[in-house]
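Have a look at the structure below, then the notes.
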2 protein chains.
Amino acid sequence: MDLSPSLVLERLQAVRAVLRQHGFAALVVLSSDPHLSEYLPERWQSRQWLSGFTGSAGSLVVTLEKAALFADSRYWVQAQAELGSGPVDLVKTATGEHTDHIDWLAQHTVSGERISIDAQVFGMAAAQRLQRRMLQHGVVIEGALDVVGLAWPERPALPSASIFEHDLAYACVSRAQKLAQVRAAMHQHGAGAHFISTLDDIAWLLNLRGADVDHNPVFLGHVLLTLDSCTLFVGSGKLTPALEAALQRDGVQLQDYALAHHAVSLCRRSPPKILLDPQRVTLGCYDAWAGQAEVVEAVNPSTLLKSRKTPEQAAHIRSAMRQDGAAMCEFYAWLEQALVSGESVSEITVDQHLSAARARRPGFMGLSFATIAGFNANGAMPHYRATPQSHAQIVGDGLLLIDSGGQYLGGTTDVTRVWPIGQVTEAQKRDYTLVLKGTLALSRARFPRGTPSPMLDALARAPLWQHGLDYGHGTGHGVGYFLNVHEGPQSISKALAQPQMAMQLGMVTSVEPGLYRPGQWGIRIENLVLNVVSTTSALDSHGEPQFLEFETLTLCPIDTRCIALDLLNREEIAWLNSYHVRVRAALGPLVSGAARDWLECRTEAIIGVDSIGL
Amino acid sequence: MDLSPSLVLERLQAVRAVLRQHGFAALVVLSSDPHLSEYLPERWQSRQWLSGFTGSAGSLVVTLEKAALFADSRYWVQAQAELGSGPVDLVKTATGEHTDHIDWLAQHTVSGERISIDAQVFGMAAAQRLQRRMLQHGVVIEGALDVVGLAWPERPALPSASIFEHDLAYACVSRAQKLAQVRAAMHQHGAGAHFISTLDDIAWLLNLRGADVDHNPVFLGHVLLTLDSCTLFVGSGKLTPALEAALQRDGVQLQDYALAHHAVSLCRRSPPKILLDPQRVTLGCYDAWAGQAEVVEAVNPSTLLKSRKTPEQAAHIRSAMRQDGAAMCEFYAWLEQALVSGESVSEITVDQHLSAARARRPGFMGLSFATIAGFNANGAMPHYRATPQSHAQIVGDGLLLIDSGGQYLGGTTDVTRVWPIGQVTEAQKRDYTLVLKGTLALSRARFPRGTPSPMLDALARAPLWQHGLDYGHGTGHGVGYFLNVHEGPQSISKALAQPQMAMQLGMVTSVEPGLYRPGQWGIRIENLVLNVVSTTSALDSHGEPQFLEFETLTLCPIDTRCIALDLLNREEIAWLNSYHVRVRAALGPLVSGAARDWLECRTEAIIGVDSIGL
């Protein structure tokens, strides 16, 4: 994007004119849309349009005199480059949910002033935090006006991709069953109605998929569910008549996308309570319901339900992992050969060849996120993306980090590997091995069912902490089932634990510790794991297993040439060797020729120092 | 205590008569006092007086027809025994802050009813939770009446032990300096006043100690602090004239204990905000301030300040640990000799001899908690206390668990060891070694400064989890400095992390994983550790160390005869051997004769399987 400072200033002035016209002192723009999505359609890239900062997270505050962008450490370099010395100041914040922009607002406004936010895209929980704090300060927050919309003449239209059914053979649980499950949860909460805005919840609930957002197979919509009706609010023309009829058969009515909040305002149900997830609906939705009756605040039941994959879904995921692993064998065989033969290989060609290898696989539906291929210093930026204008050639010595994933009808993949190019140094090997120890420690962990997932974070970090090292991102995120590659509720991270983050049977989570040496190299070793009953587990008094462990789902060799063997203990070596036996057996039948040779070579067992000694 | 069911019923009926007289439908009695202390003076043992349950934690709800006691797993056996088939039902709850009694109340009351609590002893945060929930339910909570007081004719008087100064040579930081530190924090919060009810905060702030509560060297009092005045509310006759004069010189006025809340209600200060800690003041205090002006809710600054021991205090703690360790050498030398010579030894004599050995040590001021000496099955009850009526003889084979600690002028100790008596089984050795692995893993951990302490909990549990085992209590609590053996804000436990629980330099914490086989044996291996700068630590951009590690403060041999050597790795054996070298060197000069021999014998290095192999 890279807006010129003068264009940014022009847009800011247009926004300020609207603010002045309506008597506002400031505007808050979060990176959010009516669905509180992680990735935003162009129409809702207001923060980017107004500031020029293209990162995927960051908040913007505009007053009549100043403008400040709040971004965490993942984005500091990028934000500094994109904002330059233009009219928007960068304020560096800590990673995670922060309130720095609220503090800043409190300093830059005075009692009696009014601040504008767009309630249609402002998350309820975020709005509450902002309102509470500013009210103390005597400042009023108003959500009715879309200030950016009024200042943005050529605002992109809503995306209009078609919606398709996620075939029951893959979905495994029917739409009717899922509706019944969510209604049972509503009943438990004493709620007669429930409004859903989050796109992955809707796609899961209705066994529908779309293409309105890059990489996430979702479509724009809202759902209003009662104990005996279900309305999907969606843009016209996105569903075929056949699909409309199928939905109708399951009791799902259609209404226009724009009418969702209006429908909420009309909803009268018995019991007259609506279940809303403050983290997953906007202030606009709350306002539409406001005053009618009680709101039951709870995590969307669908968020909890879809996080627990069924045994049938897990079987499909294992198949998808085999296809994904086979694609990687083909790609890596090509890559090593290309490098040996002196072919010109860049971060961009890595992406192209890897994506092409995945695309040849049955069930492949697209990438699950934009491939991160970073050589040496580029690998040290966890959110790096090579562009045609700026990328590195894979030449000389160093480490190549590749983080990639695919969407398959039977699951979503996400895998990171690091490979030696030419010679690697002892320091690189040490870093690589410490990260690997973290991946292994967490992958081998057993833990009581219900353990809050943040509690497991330290297990992955401990080997790095022992050497005074750490990484700035989370260790693991939930992963959807042919859905978003990032989903909740679990999070293995430094996040403050909340009850809904408890580890439950069937959850799929990434395990991805890392280590970043800015300007030098980056390391991350990532697998997806499934929560399964621990082999050591006794049953509790309800007949449920007391302990869980991880089944590593991802099937791809982990480079052993970068390992500093003296840093691994016997259990770690045994785990790695047995993983490679499993990878070879699972992928062998799916590959041939050079890919097969590569698989054999990269899954060779290693012999530890311990083993030699004994 | 063991009240007869008829006496309990009589008291319940007296309470119900008061409830009826004032139109209340129910009464909630928590285990709490006006200072929200962990251990309560007799006067505030209302829950015990009314139910007969003597455990240190548990909530009681009394309606006109029913009475229910809510206790967590630590107390189930005890509560069952003490409540018997009497008029109070036991409701089993999960460990930690629970709301089961609120759920129960919601089920046993109807809209329009009124519930009584005593605002003078009901914590603000607990009251808010109760009020919020019951208000939704249409039930009103009222705090003005002390129902138990009206039904309890022979209620014990307030304790009246003398107050003494904690000599500056040990306190290390003067009263004036501490007052200035807390006022600086008040200023940062924009507060002109601050009310403190928690006894350890007050004792720390004013460098005073008392004896109003068993084992905790504190005295009953409240403090009202403004930016230019300090009033201590305390019972008359507890301070000498000399001490009163000394306080006066530091600007500390005295007023009668009973006038504290009245003074709060009169307090008009600029800025007109009061800093209150909802976890550490009662509803009565809030009500006294109510309506005057804004309340700033924050953790007591003194709670945060006192958790970070100064280098001078740490030096005193190390001395106290040497004395404490020497006392244990003398005791254990006696114990082993007594057992060999066939002397009759019971859990009670263990307590007597160990307490006597501590009492001979310079600086000793008393026990820091009631000794837990549990042989075999008794050791499986984490909160076991031998009584003259019920205790075990140390005869035959098994494991003896001893958890004990002392108050010294220069610190507070808390240590648990487990010893083999006669023959121990392979199963006992395996359990012992798994717990030891937990103690070692956490003791050896390094972690970023500011890590929320609950995040470290999994490191201690992981070796047990690996075998499908766990324990029901926390892994570590903060420890005071010649103060309460349990103090905040840090907690290494499954507690949901809060920002104030961050690990900071100078904190003293216990490390005490355990394993309990009900009816068979219990194991817990506990040391106190100090947060120190990690040897691997770089400095951050503010010049502060980025990483912390633990210095193990406790000096007492860890039994090696119970170890299953094949379960320990090389690093664990090295840590244990080096710990024993340190213990021997530190304690050797303080003991002689049999105690010296015992120390030498129990600090012998062990040789691991690994070491033999290489």
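As a basis for the values below, the full set of heavy atoms in this structure was taken, side chains included, without hydrogen atoms, waters or symmetry mates. Chain identifiers are assigned alphabetically (A, B, ...) following the order of the sequence lines, protein sequences preceding nucleic acid strands; residue numbering begins at 1 within each chain.
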Problem set entry | Distance, nearest 0.5 Å, that separates CZ of B:Arg446 from CG of A:Leu469 | 11.0 Å

For this session: Output the distance between atom CZ (A:Phe547) and atom NE2 (B:His467), rounded to the nearest 0.5 Å.
Result: 11.0 Å

For this session: Provide the closest heavy-atom pair for A:Arg444 versus B:Gln466 in the form atom of the first, atom of the second, distance.
Result: O-NE2, 2.7 Å

Problem set entry | Winner by heavy-atom pair count (cut-off under 4.5 Å) against chain A, out of B:Ala458, B:Pro454, B:Ala441, B:Pro448 | B:Pro448

For this session: Go through the atoms of B:Thr451 and report whether side chain, backbone, both or neither lie under 4.5 Å from a heavy atom of chain A.
Result: side chain

Exercise. About how many Å separate CD of A:Gln546 and CG of B:Asp470, when rounded to the nearest 0.5 Å?
Worked result: 9.5 Å

For this session: Please look at B:Leu464 and chain A and tell me whether the side chain, the backbone, both or neither of the residue comes under 4.5 angstrom of a heavy atom of that chain.
Result: neither

Problem set entry | Top of B:Pro499, B:Ala497, B:Pro452, B:Ser534 for chain A proximity - count of heavy-atom pairs under 4.5 angstrom | B:Ala497

